[in-house]
There are 2 protein chains.
Amino acid sequence: MTDEIPRPVYFLSDSTGITAETLGNTLLTQFPFNNFDRTTVPFIMTVEQAQAVVDTIDELAARGPAPIVFSTAVNGDIRRTLARCKGTMVDLIGTNVGQLERALGTPASGEPGRAHGLGNAARYQSRMTAVEYAMEHDDGQSLRALEKAQIILVAPSRCGKTPTTMYLALQHGIFAANFPLVDEDFEQEGLPKPLRPLVGKCFGLTSNPLRLSQVRTERRRGSPYASLRQCGFELRSAELLYVSHGIPYLNSASVSVEEMAATILQRMQLRH
Amino acid sequence: MTDEIPRPVYFLSDSTGITAETLGNTLLTQFPFNNFDRTTVPFIMTVEQAQAVVDTIDELAARGPAPIVFSTAVNGDIRRTLARCKGTMVDLIGTNVGQLERALGTPASGEPGRAHGLGNAARYQSRMTAVEYAMEHDDGQSLRALEKAQIILVAPSRCGKTPTTMYLALQHGIFAANFPLVDEDFEQEGLPKPLRPLVGKCFGLTSNPLRLSQVRTERRRGSPYASLRQCGFELRSAELLYVSHGIPYLNSASVSVEEMAATILQRMQLRH
């Protein structure tokens, strides 16, 4: 199918476009077809802007397969304008809002979406504070206020601690620190000292030796640090440490940060 | 309405639940009602697990207002089980997938969603590399490989550089650095030296003096740094610098990191 014309896909929104992209892409992963040409048009605020997008879509539709269009526009005039396009329109708000109006017994506001706006100011501020905390406590840099962490990710180097910590902070406002396990930690008895009073907040990451060796090779080719032998040793030692201290852990080798974050929130019961 | 029983809202998924939360919350922001009690149940992998969730929802429905349920489950058996619950079921996959099947001329796979899985390994890896780059180049820490940045966020302290940079890296795989503007930068002529050859990659942030003063006060109460006078001076000087060098900029005072990121991607034409 690679020599076919890519199917145009549009994500349209009167706000950031994040919701349209998220559900649109989720729906598209349900199809084996993978030759999509994606365009996001956020902040469509006027009927004129909407009409310009419709013109582009209609032009494409006249020349090839009809574009697939995911829209989260909520304003009535903008929605009606977009609905006239010659693409396959998947109206993510219009399709579902009626059911909610009936369930909640009140009409939808039709105000431009601010699902990804500041929303609840206190909650937004707590996410920003959490990012700051995560930056300060990355890779065991600072042990100050480590007890304020809601979770401490523990793992050997390059198992995914940093991006997972950032994701937990930025998306979920979780106070997350992370702490690297190194050779000296495996030589001594028990947990690294700063973690001992906080064992209940620890969550371990591990990986597969081959995968870890590949990732470390990209950083330091041919080093002992990247060797399969060293990676195997560190991962075995780390897992032993997790098991002997009752620290829950997961293997990061074939899961994404989003999947790790969802798993960690669930297992540590950190969902608000 | 605060003394009413909160309306239970469930986000159900056979994957991370991110998509269900995203579209569900977007839809809920369309209603003035704001007394929701949200629960996310990710990774529903078996009919038994689905039935356990249905039992919980039915119990709540028997005692109070029917829960609102957003589901992105794709497996047929799991969807049919969840569909029997006594809540208001908003089936985000089922509602829209038929239209896409017709447009694409092929049936949906019904495989559990991996929209937030590793997906395209190269794209995932580039996001992780971008996070690493952003960590190294936060707050002008390292000028090494600054020319590799796709964007350099420039602003006085506490205008939102760091979380916006992290968001661009983590969600969009953008190589983003950020660079603080300080008093010495305003005293000299022109842009700070490291930025001069890279002015085309710069994007400025500004804020409102009062808002900035509040944010800085949280960090250092009563300091000259947090004073309204100093904040006003820095913001005016920064804006002058942006304008005189043709650097696009936005005011971060009342927008979220998601909105800033969407605006920056659009204005710098960084959408893939």
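Looking at B:Gln30, its side chain never comes within 3.5 Å of a backbone N or O of A:Pro107 through a donor-acceptor pair. Checked by atom type and distance alone, the side chain of B:Tyr167 never pairs as donor or acceptor with a backbone atom of A:Gln171 at under 3.5 Å.
The two residues A:Asp138 and B:Met135 make their nearest non-hydrogen contact at OD2-CE, 3.3 Å. Across all their heavy atoms, B:Arg7 and A:Ala103 have their closest contact at NH2-O, 3.0 Å. Of all heavy-atom pairs spanning A:Gln266 and B:Phe43, the tightest one is OE1-CD1, 3.7 Å.
Of the atoms belonging to B:Glu132, it is side-chain heavy atoms, and not backbone ones, that fall under 4.5 Å from chain A. Interface residue A:Thr263: backbone and side-chain heavy atoms are both found under 4.5 Å from chain B. B:Leu23 touches chain A through backbone and side chain together, each having a heavy atom under 4.5 Å away. Contact of A:Pro65 with chain B is not made at all, since no heavy-atom distance falls under 4.5 Å. Only the side chain of B:Ile68 comes within contact range of chain A, with at least one heavy atom under 4.5 Å from a heavy atom of that chain. For B:Arg127, the part lying near chain A is the side chain, with the backbone staying farther off; criterion is any non-hydrogen pair under 4.5 Å.
Note that the CD atom of A:Gln99 and the OG1 atom of B:Thr95 stand 7.0 Å from one another [nearest 0.5 Å]. Here the straight-line distance linking atom CD of A:Glu258 with atom OG of B:Ser15 works out to 9.5 Å at 0.5 Å rounding. Atoms CG and OG1, on B:Leu265 and A:Thr40 in that order, are 9.0 Å from each other to the nearest 0.5 Å. Here B:Thr22 contributes atom OG1 and A:Leu92 contributes atom CG; the two are 11.5 Å apart, rounded to the nearest 0.5 Å. To the nearest 0.5 Å, atom CG of residue B:Leu100 and atom OG1 of residue A:Thr88 are 7.5 Å apart. With rounding to the nearest 0.5 angstrom, the CD atom of A:Glu101 is 5.0 Å from the CZ atom of B:Phe31.
Scanning for side-chain contact (heavy atoms from CB on, under 4.5 Å) contacts around A:Arg144 gives A:Glu136, A:Ser142, with sequence neighbours left out.
The shortest side-chain heavy-atom distance between A:Thr162 and B:Met128 does not fall under the 4.5 Å cut-off. Inter-residue side-chain proximity for B:Glu218 and A:Thr129 is flagged as unmet; no heavy-atom pair is nearer than 4.5 Å. Side-chain atoms of A:Ser256 and B:Tyr124, non-hydrogen and from C-beta on, do get closer than 4.5 Å to each other.
Comparing A:Leu104, A:Val97, A:Val131 by how many heavy-atom pairs each has under 4.5 Å with chain B, the most go to A:Leu104.
For the salt bridge (charged side-chain N to carboxylate O under 4.0 Å, His left out) condition, the pairs that include at least one residue of residues 88-98 of chain B, sequence neighbours left out, are B:Arg79-B:Asp91.
Remark: of the listed residues B:Thr26, B:Asn25, B:Thr19, B:Thr26 is the sole one forming a side-chain contact (heavy atoms from CB on, under 4.5 Å) with A:Thr19.
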